[in-house]
Amino acid sequence: MTKTIDIHTHGIGGYDTETDSVRDILKIAEIQGSRGVSEIILAVYPSEVENIRRKMAVIKNAMDMQNHETNSAADIHSNSNKMPSRIIGIHLEGPFLNKNMCGSLNPDNFLEPSEYRLRKLIEGFENIVRIITIAPELQGAANTIRKAADMGIIVSMGHSEATYYEAEIGFNAGAKGITHIFNAMRGFHHREPGIAGFALMNRHIYTEVISDSHHLHPAVLEMIFLLKNHERIIIISDSVRETGLSSHIKAVTDISGRLCGGSMAITWSADRLIERGFDKDMIFRCITENPRRYLTDSH
């Protein structure tokens, strides 16, 4: 059976990666599994380096429990109707991001990228950090992207006000992806297409798409699928603690109305796109074959 993969989820149903509880992490996997998601990469928010490392340690413990099928994990999942999602790694969304493009993230936790800071951040977790989001226009970003890629970590460019040229430099340094296109990044302009334009026009770079009916206008979704190489589109949830469990999908926002995360699992997003007339096989590949290739292909 083909596996569905969400490469960018922070949490769901009252749980997220901002926890010191392994049980909470396993509950995320259980809920995602109940939505038909086979595998997940858990996204960790930027914060102080030691706090990020503590959150990664909790996720690592949850992965170990899944891998060894301990009695504790079995007890937690005993009431689930479907198998929990398998946690296959971590996506560090930062901290090497542009403060001017923070989105719903706290810019006080952003850092200037450097090889030293990268090593300090991931030491001991090299085998489970699968993806890191970096803003390519920052000083030191190109060298940090190159080092991360050399270490086998996928670099996705995002939370960025990069120009088209700066995004191209990041790609040439080793970046493979774009984090949630059009969200928390420089907008497209006819004289400066920016990082969003680069995402659309470069046939080789993978591009995350949040298709939850709130993050992107329907016409923009159509534009993405008209312009972008279909093999490089990856539907993500970017789901968060507040992402609901009912079929009545509301936007996840803060008190000011700012979007704070995705509102549905990738399987639901795919179903809604298919209902709107998108090709079923193409959309299904965006949550199966495409993310799998992203995680295994060399640049």
Exercise. Under 4.5 Å between any side-chain heavy atoms of Pro136 and Ile145, yes or no?
Worked result: yes

Exercise. What do the steps show when you test Cys260 against Glu242 for side chain to side chain contact (heavy atoms under 4.5 Å, CB included), and what is the final call?
Worked result: CA-CA 9 Å; Cys260 295; Glu242 295 82 8; 5.6 Å; no

Exercise. Is the closest side-chain donor-acceptor distance between Ser160 and Glu137 under 3.5 Å?
Worked result: yes

Exercise. More than 12 heavy atoms of other residues, nucleotides or ligands under 6.0 Å from CZ of Phe110: is that the case?
Worked result: yes

Exercise. For His189, does the NE2 atom have more than 12 heavy-atom neighbours from other residues, nucleotides or ligands under 6.0 Å away?
Worked result: yes

Seminar exercise, completed: CD1 of Ile234 to CG of Leu295, rounded to nearest 0.5 Å, is 7.0 Å

Exercise. Hey, quick one: are Leu42 and Ile154 part of the same hydrophobic cluster, counting side-chain heavy atoms closer than 4.5 Å, chains of contacts allowed?
Worked result: no

Problem set entry | Ile41 side chain reached by Ile88 side chain, heavy atoms, under 4.5 Å | yes

For this session: Report the C-alpha separation of Arg285 and Asp281 in whole Å, then their side-chain angles, then the decisive distance to 0.1 Å, and conclude whether the salt bridge (Lys or Arg N to Asp or Glu O under 4.0 Å) test is met.
Result: CA-CA 6 Å; Arg285 287 193 293 271; Asp281 291 338; 5.3 Å; no

Problem set entry | Residue list, salt bridge (charged side-chain N to carboxylate O under 4.0 Å, His left out) with Arg241, at least two apart or on another chain | Asp16

Exercise. Can Ile122 be reached from Val58 by stepping across I, L, V, M, F, W or Y side chains whose heavy atoms are under 4.5 Å apart?
Worked result: yes

Exercise. What pair of heavy atoms forms the shortest contact from Ser237 to Gln32, and how long is it?
Worked result: OG-NE2, 4.2 Å

Exercise. Would Ile205 and Arg232 count as a side chain to side chain contact (heavy atoms under 4.5 Å, CB included) if you check the C-alpha gap in whole Å, the side-chain angles of each, and the deciding distance to 0.1 Å?
Worked result: CA-CA 6 Å; Ile205 198 157; Arg232 295 296 191 266; over 6 Å; no

For this session: State, to 0.1 Å, how close Val155 and Ala148 come at their nearest heavy-atom pair, and which atoms those are.
Result: CG2-CB, 3.7 Å

Problem set entry | Electrostatic pair Lys27-Glu30, nearest N-O below 4.0 angstrom | yes

For this session: Applying side chain to side chain contact (heavy atoms under 4.5 Å, CB included), run through Ile28 and His10 and close with a yes or a no.
Result: CA-CA 9 Å; Ile28 296 171; His10 295 273; over 6 Å; no

Exercise. Within the distance-only criterion (no hydrogens, no angle test), does the side chain of Arg53 pair as donor or acceptor with the backbone N or O of Leu121 below 3.5 angstrom?
Worked result: yes

Exercise. If you take all heavy atoms of Ser269 and Met264, which pair is closest and at what distance?
Worked result: OG-CG, 3.2 Å

For this session: Could you tell me the separation between the CG atom of Asp238 and the CD atom of Glu208, rounded to the nearest 0.5 Å?
Result: 7.5 Å

Problem set entry | Residues Arg119, Glu115: salt bridge by 4.0 Å N-O rule | yes

Exercise. Is it true that Glu112 and Arg117 make a salt bridge, defined as a side-chain N closer than 4.0 Å to a carboxylate O?
Worked result: no

Exercise. Which atom names give the shortest non-hydrogen contact between Pro291 and Cys286, and what distance separates them?
Worked result: CD-O, 3.6 Å

For this session: Please determine, by modelled atom types, if Glu93 and Thr179 share a side-chain donor-acceptor pair under 3.5 angstrom.
Result: no

Exercise. Between His8 and Ala43, what is the shortest heavy-atom contact and its length?
Worked result: CD2-CB, 3.8 Å

For this session: Decide yes or no for Ile224 and Leu216: does some side-chain heavy atom of the first lie under 4.5 Å from some side-chain heavy atom of the second?
Result: yes

For this session: Search all heavy atoms of Thr19 against all heavy atoms of Ser21 and return the closest pair with its distance.
Result: OG1-N, 3.0 Å

Exercise. Applying the 4.5 Å side-chain criterion to the ILVMFWY set and letting contacts propagate, would Ile40 and Tyr294 be lumped into a single cluster?
Worked result: no

For this session: Calculate, to the nearest 0.5 Å, the distance between atoms CD1 and CD1 belonging to Ile134 and Ile131 respectively.
Result: 12.0 Å

Exercise. If you draw a 6.0 Å radius around CE in Met201, do more than 12 non-hydrogen atoms from other residues or ligands fall strictly inside?
Worked result: no

Problem set entry | Positive for side-chain hydrogen bond (donor to acceptor under 3.5 Å, both in side chains) with Tyr206, one of Asn290, Asp297, Asn229 | Asp297

For this session: Report yes or no: does Thr144 contribute a side-chain atom to a donor-acceptor pair with the main-chain N or O of Ser114 at less than 3.5 Å?
Result: yes

Problem set entry | Phe198 CZ to Ile169 CD1 distance, which is reported to the nearest 0.5 Å | 10.5 Å

Exercise. Are Ile236 and Ile178 connected, step by step, through hydrophobic side chains (Ile, Leu, Val, Met, Phe, Trp, Tyr) whose heavy atoms are closer than 4.5 Å?
Worked result: no

Exercise. Rounded to the nearest 0.5 Å, how far does CG of Asn183 lie from CD1 of Ile210?
Worked result: 5.0 Å

Exercise. Just wondering, more than 12 heavy atoms not from Glu48 lying within 6.0 Å of its CD?
Worked result: no

For this session: Under the side chain to side chain contact (heavy atoms under 4.5 Å, CB included) rule, what do Tyr15 and Ile25 come out as? Steps first, then yes or no, please.
Result: CA-CA 7 Å; Tyr15 304 92; Ile25 299 298; over 6 Å; no

For this session: Answer whether the closest heavy-atom distance between the side chains of Ile132 and Leu118 falls below 4.5 Å.
Result: yes

For this session: Working to the nearest 0.5 Å, report the span between CG of Leu105 and CG of Leu97.
Result: 6.5 Å

Problem set entry | ILVMFWY cluster, Phe188 and Tyr165 together (side-chain gap under 4.5 Å) | no

For this session: In plain terms, say whether Arg146 and Asp150 are close enough for a salt bridge, that is, a side-chain N and a carboxylate O under 4.0 Å apart.
Result: no

Exercise. Other than Leu259, which residues form its hydrophobic cluster under the rule that side-chain heavy atoms must be closer than 4.5 Å?
Worked result: none

